[in-house]
There are 2 protein chains.
Amino acid sequence: MSPRTKQQFETIREGRKDQIMQVALELFANEGINTPISKIAKEAGISKGLMYNYFESKDELLREVALSGMKEIFDLFDPNHDGVLTDEEFVYFISETFRLLEKNREYWKLYFSMVLHPKVMELIQAEMMEMLPGLMAVQVKYFASKGSKDPETDAMFFNSMMDGIGMNYVNNPDLFNLDKIKNRIIEIFTKNL
Amino acid sequence: MSPRTKQQFETIREGRKDQIMQVALELFANEGINTPISKIAKEAGISKGLMYNYFESKDELLREVALSGMKEIFDLFDPNHDGVLTDEEFVYFISETFRLLEKNREYWKLYFSMVLHPKVMELIQAEMMEMLPGLMAVQVKYFASKGSKDPETDAMFFNSMMDGIGMNYVNNPDLFNLDKIKNRIIEIFTKNL
DNA sequence: TATCTTTGACCGATCGTTCAGTCATAAATA
DNA sequence: TATTTATGACTGAACGATCGGTCAAAGATA
């Protein structure tokens, strides 16, 4: 095997971090954010001490796991980053959100349980406040173009609704027919408001 | 003071329990459910040991606090318990929910953060499963009377939406104009579906 | 005095974090 | 190339702190 550059080492290191974060995510989701570092390490196949080579502290691990989840959903909006939402992009966002929800339920279970935890909220609040305004602006523009008299309220309403549906679905998937609810949402929000 | 009957002692005891639960609620809400028993006791002005006269364990305290919050919101529905929702009762439920949300934000902050916590969910799942079907039945009947083609989905949708709005409001009250959103909800759900 | 209430020191368990030391491998040297 | 040196990934015992829960004893009450 040829010698590796620093760059390549860094890539390998990042890959390992991702693997640990994946394990941490699942454990946090199913056993709460109090899952011991030792358990995460064991599940990831490394020693407890090594965890501290990859993450400064448990809080830092929590923060990174929480943020990676946030970014995934935020990136769904305005996929080509032109600041404008077409009808197609809006429906795509809704569909894609629901697809992610179904595909990786454990993941989002953690996401909701973490995001509401006072301690985790503090850890990620700064980054959240950076992401929110841009997202809202795109939505407000969209709802305004649909004839909404109060696009800010409609955007707030829409986001809250999506949160509530996601939260309920991941915690009680048996009670949910996600497809029907998806169609209901699209019906309400893509017609002229 | 006149001698007290067993009944009266029981009433006093319940009152003290309520007071402790109120303190526990606020601490759980603001510092997470890992707040130590000792801290709750100190805040309530009693010793740690005495906590175990009122509550069998910390889990039991958690369970009771979580359930008392649930019951409060569940009782808002169908106030006269006749199994039928009028338009007035439906609007009353929405308004009252929002009033409670504004009046006792800390309380609901805890509620949402607790209800999503895996451990707490286990503790209260049995009772939740008892309450849910009755609540749903009343709502389904209501939405059906409003001409909904799929009242089950609409009820699910409605409840999830309310959860999402409540969750977002208690965590970010500054970003929310609750009145506007309330009117939007009433507008959507009381017209013929 | 007899009974009930309340206290807080104490215990065992668990957790996050540290760190001295090991070892495989990369880099330097001869 | 062969040998030595340097690196840093990795381990796990150990530490200090914290927690839920217990209990003997003090205090209050009747």
Side-chain angles (χ1 to χ4, degrees), chain A residues 1-21 23-25 27-28 30-66 114 117-120 122-123, chain B residues 1-21 23-25 27-28 30-66 114 117-120 122-123:
Chain A
M1 207 185 292
S2 62
R4 280 174 279 235
T5 65
K6 270 191 184 174
Q7 183 63 259
Q8 285 172 316
F9 272 117
E10 193 56 35
T11 305
I12 290 173
R13 184 187 160 82
E14 283 305 314
R16 284 187 188 147
K17 272 188 73 166
D18 283 351
Q19 184 216 328
I20 297 171
M21 282 169 65
V23 170
L25 179 64
L27 285 173
F28 284 148
N30 291 315
E31 310 186 8
I33 67 170
N34 293 314
T35 309
I37 286 275
S38 56
K39 191 163 190 176
I40 298 169
K42 184 184 274 181
E43 203 78 19
I46 62 174
S47 72
K48 190 168 58 156
L50 188 53
M51 292 289 290
Y52 287 83
N53 274 4
Y54 292 110
F55 304 94
E56 212 177 43
S57 63
K58 192 184 178 182
D59 278 359
E60 178 62 19
L61 171 61
L62 255 178
R63 210 183 63 90
E64 290 204 33
V65 170
M114 273 203 328
H117 197 288
K119 184 175 162 185
V120 183
E122 273 176 33
L123 292 173
Chain B
M1 210 181 291
S2 61
R4 278 175 280 233
T5 65
K6 268 189 185 175
Q7 183 63 260
Q8 286 171 317
F9 274 116
E10 194 55 36
T11 306
I12 290 173
R13 185 188 160 81
E14 284 304 315
R16 283 185 190 150
K17 273 188 74 166
D18 283 350
Q19 185 216 328
I20 297 170
M21 282 171 65
V23 171
L25 179 63
L27 284 172
F28 284 147
N30 292 315
E31 309 185 9
I33 67 171
N34 293 313
T35 309
I37 287 275
S38 57
K39 191 164 189 176
I40 298 168
K42 184 185 274 183
E43 204 78 19
I46 63 174
S47 70
K48 185 171 66 156
L50 191 52
M51 291 289 291
Y52 287 83
N53 278 0
Y54 292 110
F55 303 94
E56 211 176 41
S57 64
K58 191 184 179 181
D59 277 0
E60 178 61 21
L61 170 61
L62 255 177
R63 211 183 62 89
E64 290 205 31
V65 170
M114 270 203 328
H117 197 286
K119 185 176 163 185
V120 182
E122 274 176 32
L123 292 173

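Reminder, nothing fancy here: chain letters follow the sequence lines and each chain counts from 1. Any value given below was found using the heavy atoms of this structure, including those in side chains, with hydrogens, waters and symmetry copies removed.
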Margin query: For A:E31, I'd like to know if atom CD has over 12 heavy atoms of other residues, nucleotides or ligands within 6.0 Å.
Written below: yes
request  = Please determine if a side-chain N or O atom of B:R16 lies less than 4.0 Å away from the OP1 or OP2 oxygen of C:dT5.
outcome  =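 No, no such contact exists.
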I need the [atom1]-[atom2] distance between [X] and [N], as an integer number of Å.
X     : N      : atom1 : atom2 : value
B:E31 : D:dT18 : CD    : C1'   : 14 Å
B:I40 : D:dT18 : CD1   : P     : 17 Å
A:K39 : C:dC15 : NZ    : C1'   : 14 Å
A:L61 : C:dC15 : CG    : P     : 15 Å
B:I37 : D:dG20 : CD1   : C1'   : 7 Å
A:K42 : C:dC15 : NZ    : C1'   : 14 Å
A:L27 : C:dG16 : CG    : P     : 12 Å
A:K17 : D:dA9  : NZ    : C1'   : 15 Å

Quiz item: Would you say the side chain of A:K48 and the base of C:dT17 hold a donor-acceptor pair, judged only by whether the two atoms sit under 3.5 Å apart?
Solution: yes
Identify which nucleotide among [options] has an atom closest to any side-chain atom of [X], counting heavy atoms from C-beta outward.
X     : options               : value
B:L50 : D:dT11, C:dT6, D:dG20 : C:dT6
B:I46 : D:dA9, C:dG16, C:dT7  : C:dT7
B:S47 : D:dT11, C:dT6, C:dG16 : C:dT6

Point to revise | Side chains of A:N53 and A:L50 in contact at under 4.5 Å (non-hydrogen atoms) | key: yes
Side chain to side chain contact (heavy atoms under 4.5 Å, CB included) test vs B:D59 passes for just one of B:K119, B:E64, B:E122, namely B:K119
CG of B:N30 to OG1 of B:T35, rounded to nearest 0.5 Å, is 8.5 Å
Residues in residues 51-58 of chain A with a heavy atom under 4.0 Å of DNA chain D, by number, are A:N53, A:Y54
Do you know the tightest heavy-atom contact between [X] and [Y]?
X     : Y     : result
B:I20 : B:F55 : CG2-CE1, 3.7 Å
A:Q19 : A:A44 : NE2-O, 3.6 Å
A:S38 : A:K48 : CB-CD, 3.6 Å

Judged by nearest nucleotide, the residue sitting upstream toward the 5' end of DNA chain C, B:G45 or A:S38, is B:G45
